[in-house]
Amino acid sequence: MSTNSMSDPRRPNKVLRYKPPPSECNPALDDPTPDYMNLLGMIFSMCGLMLKLKWCAWVAVYCSFISFANSRSSEDTKQMMSSFMLSISAVVMSYLQNPQPMTPPW
Amino acid sequence: MKAFLAFCVVLLVFGSVSEAKFDDFDDEEDIVEYDDNDFAEFEDVTEDSITESPQRVITTEDDEDETTVELEGQDENQEGDFEDADTQEGDTESEPYDDEEFEGYEDKPDTSSSKNKDPITIVDVPAHLQNSWESYYLEILMVTGLLAYIMNYIIGKNKNSRLAQAWFNTHRELLESNFTLVGDDGTNKEATSTGKLNQENEHIYNLWCSGRVCCEGMLIQLRFLKRQDLLNVLARMMRPVSDQVQIKVTMNDEDMDTYVFAVGTRKALVRLQKEMQDLSEFCSDKPKSGAKYGLPDSLAILSEMGEVTEGMMDTKMVHFLTHYADKIESVHFSDQFSGPKIMQEEGQPLKLPDTKRTLLFTFNVPGSGNTYPKDMEALLPLMNMVIYSIDKAKKFRLNREGKQKADKNRARVEENFLKLTHVQRQEAAQSRREEKKRAEKERIMNEEDPEKQRRLEEAALRREQKKLEKKQMKMKQIKVKAM
């Protein structure tokens with residue numbers, strides 16, 4: 001028993017549970033990319049819908065994809081899905097209103 | 001006589017008939033002339049056609065002469081008359097008849113004239129009226145880009161997952177021999193080992209180990225590169241970055257003495273000194289070279305005092321640091337660890353941040369981005385270093401002088417901190433007092449009853465006088481003490 005405790009550093013009586021670090025400051029410190037991309041995606045999709053610019057709508061789709069790829073698992077999926085759906089609807093509406101192929105913005 | 005008269009009447013009748021005929025001719029001539037005048041306005045327009053049409057006039061006339069002699073004999077005669085009579089204006093006058101005869105030849109004069117005047121320009125059909133897929137090339141590009149992004153997401157996610165699993169498989173045995181609890185996400189009711197990594201992100205994996213002598217627990221964070229994000233992959237092509245393994249060991253209060261010490265690459269130490277609260281307060285000197293202790297040039301040391309460095313740099317530690325210098329980013333031991341410096345808003349009273357005795361290790365995975373699962377085996381000796389450091393931290397104790405120095409340092413830092421907060425607290429108290437005064441004044445002003453107003457004013461005056469007296473008493477006391 002004594003030799004066991006000497007060589008074995010494990011102490012079952014000293015087990016502490018895992019506490020996730022407080023998320024007050026961490027999300028801001030970690031990585032603002034998903035939040036920025038989410039916001040950008042929404043802005044571009046609104047531009048695409050209001051101003052009927054096809055390239056805006058496509059950029060919005062890209063932004064929402066990037067936001068999804070960079071998202072934290074603790075983040076709400078509803079927000080992600082809503083921005084994604086908004087960008088897809090912007091693309092679809094632009095093409096329904098005007099089925100012509102897209103002209104580059106330059 | 002009667003016969004003569006009858007003959008005269010007959011002659012007259014015959015003459016009138018013939019005259020009428022000639023009149024018809026004349027009329028027709030006149031009519032034609034009128035027609036000519038009617039068509040006079042077209043003279044300019046059809047001059048070119050007329051210049052060419054005489055060539056054709058001859059041919060068609062011949063044809064028509066052959067085919068329709070009886071019907072159009074008069075017309076021909078009339079034409080001939082006109083040609084004889086008005087040769088100068090012959091072209092224009094023959095025009096209306098030319099039109100009738102040239103019904104089948106309308107196109108030829110027109111095209112020949114247009115060739116002379118307007119060159120044919122072939123206009124491209126606008127893209128939106130085309131029905132081909134080629135006009136939608138931008139859309140196809142966009143969709144291809146999206147597909148490429150999705151493919152990269154799946155591939156990157158899988159690679160990160162494989163790397164994490166490879167790391168865990170390599171280290172599992174060592175961890176299980178040192179810790180009772182390996183793997184915990186905090187959600188289970190009982191403290192049982194989950195035996196697997198906690199996935200926080202597509203590129204961050206956590207592992208919590210607990211149940212060992214000396215330490216409360218150890219949090220291992222595998223911070224891989226964002227392989228799932230195509231933008232990040234492209235950015236990394238410009239600037240290679242490594243995957244990192246961050247280990248944070250929380251020590252028991254009684255198992256670690258009071259010191260702050262760090263060793264690592266010069267760049268990392270400079271950054272940590274700026275960012276970390278404890279390193280900036282306790283290790284104010286620049287990172288020193290570790291060559292004195294046998295460390296390679298790439299590594300530097302930040303220490304609170306020389307004794308700590310002496311104590312930490314024993315043979316085994318030096319051996320670890322020298323052999324695995326390329327994989328070590330930073331090693332940070334501190335009893336005053338409170339995380340990075342938090343940016344405080346102005347006007348808020350600072351609270352002394354909670355400190356924990358912590359050992360922090362940051363290792364770079366070899367391969368600088370192009371990592372393979374087998375590279376994870378190279379990190380196993382570093383985990384041995386971590387375990388050794390835990391035991392060493394427990395064993396290492398400062399001597400009396402060192403302890404005194406350390407205590408002085410901590411007291412100094414606390415005092416500075418309180419001074420800062422004192423000034424801020426004073427300001428906060430001052431502003432609170434001012435607000436109270438303003439509120440009182442407003443109340444007095446709003447009070448309708450003049451009697452009440454006077455009473456309140458008097459009460460306020462009395463309070464102020466009392467405060468002044470108190471201050472004066474304090475000043476006197478301080479003066480007496482100073483004397």
Side-chain angles (χ1 to χ4, degrees), chain A residues 5-31 33-34 36-37 40 54-75 84 87-88 91-92 94-95 98-106, chain B residues 126-130 133-139 141-143 145-146 149-150 152-153 156-157 176-181 183-188 191 198-204 206-217 219 226 228-232 250 252 339-340 342 387 390-391:
Chain A
S5 65
M6 284 271 287
S7 58
D8 188 7
R10 290 180 286 179
R11 297 288 177 271
N13 55 333
K14 287 191 178 176
V15 165
L16 267 176
R17 296 304 303 278
Y18 170 63
K19 268 179 243 163
S23 56
E24 297 157 359
C25 53
N26 273 359
L29 283 173
D30 277 342
D31 187 20
T33 308
Y36 282 152
M37 281 294 149
L40 263 181
K54 292 197 177 79
W55 63 268
C56 271
W58 281 110
V59 170
V61 174
Y62 270 95
C63 284
S64 70
F65 265 94
I66 294 169
S67 170
F68 172 73
N70 284 301
S71 67
R72 300 173 273 273
S73 65
S74 58
E75 257 186 51
F84 185 65
S87 57
I88 294 282
V91 170
V92 169
S94 307
Y95 279 95
N98 187 9
Q100 297 172 17
M102 184 166 69
T103 53
W106 50 86
Chain B
H128 64 277
L129 296 174
Q130 292 175 10
W133 286 108
E134 288 168 357
S135 55
Y136 287 91
Y137 71 95
L138 271 172
E139 279 78 3
L141 257 175
M142 287 290 188
V143 173
L146 274 176
Y149 194 90
I150 293 168
N152 179 71
Y153 175 81
K157 191 171 91 134
E176 282 178 350
S177 65
N178 274 291
F179 293 91
T180 321
L181 178 73
D184 183 23
D185 55 2
T187 53
N188 293 342
N198 211 4
Q199 187 174 359
E200 196 180 293
N201 237 337
E202 302 299 344
H203 61 284
I204 297 179
N206 287 339
L207 184 73
W208 173 254
C209 304
S210 184
R212 193 188 192 275
V213 290
C214 322
C215 63
E216 285 181 6
L219 178 67
K226 286 189 186 175
Q228 77 275 11
D229 180 17
L230 188 61
L231 284 183
N232 212 285
T250 322
N252 294 326
I342 306 164
I387 305 291
I390 297 172
D391 292 328

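Model, not experiment: these values are computed from the prediction. In the text below, chain A, chain B and the rest are named by the order of the sequence lines, each starting its count at 1.
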Chemist: Answer yes or no: does atom NZ of B/Lys157 have more than 12 heavy-atom neighbours from other residues, nucleotides or ligands under 6.0 Å?
Modeler: no

Chemist: With a 4.5 angstrom heavy-atom cut-off, which part of B/Leu219 approaches chain A: side chain, backbone, both or neither?
Modeler: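 Side chain only.
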
Chemist: Might you point out which heavy atoms bring A/Ala69 and B/Tyr149 nearest each other, and give the distance in Å?
Modeler: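 Minimum heavy-atom separation between A/Ala69 and B/Tyr149: CB-OH, 3.4 Å.
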
Chemist: Can you tell me which portion of B/Thr250 sits under 4.5 Å from chain A's heavy atoms? Options are side chain, backbone, both or neither.
Modeler: neither

Chemist: If I measure from the heavy atoms of chain A, does B/Ile390 come under 4.5 Å with its side chain, its backbone, both, or neither?
Modeler: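 Neither; nothing under 4.5 Å.
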
Chemist: Which bit of A/Thr33 comes within less than 4.5 Å of chain B, counting heavy atoms only: side chain, backbone, both or neither?
Modeler: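 Contact with chain B is through the side chain of A/Thr33 alone.
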
Chemist: Return the CZ to CD distance between A/Arg72 and B/Glu202, rounded to the nearest 0.5 Å.
Modeler: 13.0 Å

Chemist: Are A/Val91 and B/Met142 close enough, and set up right, to give a side-chain contact (heavy atoms from CB on, under 4.5 Å), and what steps lead you there?
Modeler: CA-CA 11 Å; A/Val91 170; B/Met142 287 290 188; over 6 Å; no

Chemist: Measuring heavy-atom distances to chain A, does B/Asp391 have an atom under 4.5 Å in its side chain, in its backbone, in both, or in neither?
Modeler: neither

Chemist: Got a second to check how far A/Phe65's CZ is from B/Leu230's CG, nearest 0.5 Å?
Modeler: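 Answer rounded to 0.5 Å: 12.0 Å.
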
Chemist: Measure the spacing between OG1 of B/Thr180 and NZ of A/Lys14 and express it to the nearest 0.5 Å.
Modeler: 10.5 Å

Chemist: For a quick test of reading the model, state the closest non-hydrogen atom pair linking A/Leu16 to B/Leu181 and the distance between them.
Modeler: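 Here A/Leu16 and B/Leu181 meet closest at O-CD2, 3.8 Å.
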
Chemist: One pair to check against side-chain contact (heavy atoms from CB on, under 4.5 Å): B/Leu138 and A/Trp55. What are the steps and the verdict?
Modeler: CA-CA 9 Å; B/Leu138 271 172; A/Trp55 63 268; over 6 Å; no

Chemist: Nearest heavy-atom pair of B/Asn178 and A/Pro9: which atoms, and what distance?
Modeler: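 The pair with the smallest heavy-atom distance is OD1-CG, 3.2 Å.
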
Chemist: Can you tell which part of B/Leu231 gets under 4.5 Å to a heavy atom of chain A, answering side chain, backbone, both or neither?
Modeler: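 Contact with chain A: side chain only.
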
Chemist: Measure across A/Asp8 and B/Ser177 and return the closest heavy-atom pair with its distance rounded to 0.1 Å.
Modeler: OD1-O, 3.7 Å

Chemist: Decide if the gap between the ring center of B/Tyr153 and the ring center of A/Phe68 is smaller than 6.0 angstrom.
Modeler: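 That pair passes the under 6.0 Å test.
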
Chemist: What's the shortest heavy-atom distance between B/Leu146 and A/Trp58, and which atoms?
Modeler: CD1-CZ3, 4.0 Å

Chemist: Kindly say whether B/Cys214 contributes a backbone atom to a donor-acceptor pair with the side chain of A/Arg11 at under 3.5 angstrom?
Modeler: no

Chemist: By a 4.5 Å heavy-atom criterion (distance strictly below it), what part of B/Asn232 contacts chain A: side chain, backbone, both, or neither?
Modeler: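 For B/Asn232, neither part sits under 4.5 Å from chain A.
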
Chemist: Looking at B/Asp229, B/Ile150, B/Asn206, which makes the most heavy-atom pairs under 4.5 Å with chain A?
Modeler: B/Asp229

Chemist: Name the orientation class of the two ring planes belonging to A/Tyr18 and B/Trp208 (parallel below 30°, tilted from 30 to 60°, perpendicular beyond 60°).
Modeler: tilted

Chemist: Out of B/His203, B/Gln199, B/Gln228, return the one with the most heavy atom pairs under 4.5 angstrom to chain A.
Modeler: B/Gln228

Chemist: Considering only heavy atoms and a distance below 4.5 Å, find which of B/Arg212, B/Lys226, B/Glu216 pairs most often with chain A.
Modeler: B/Arg212

Chemist: Where the side chain of A/Arg17 meets the backbone of B/Asn188, is there a donor-acceptor pair that is under 3.5 Å apart?
Modeler: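 Indeed, once roles are kept as given, a pair shorter than 3.5 Å links the two residues.
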
Chemist: As an exercise, state the distance from OH of B/Tyr137 to CE of A/Met102, rounded to the nearest 0.5 Å.
Modeler: 8.5 Å

Chemist: Which pair of heavy atoms, one from B/Glu139 and one from A/Lys54, lies closest together, and at what distance?
Modeler: OE2-CD, 4.3 Å

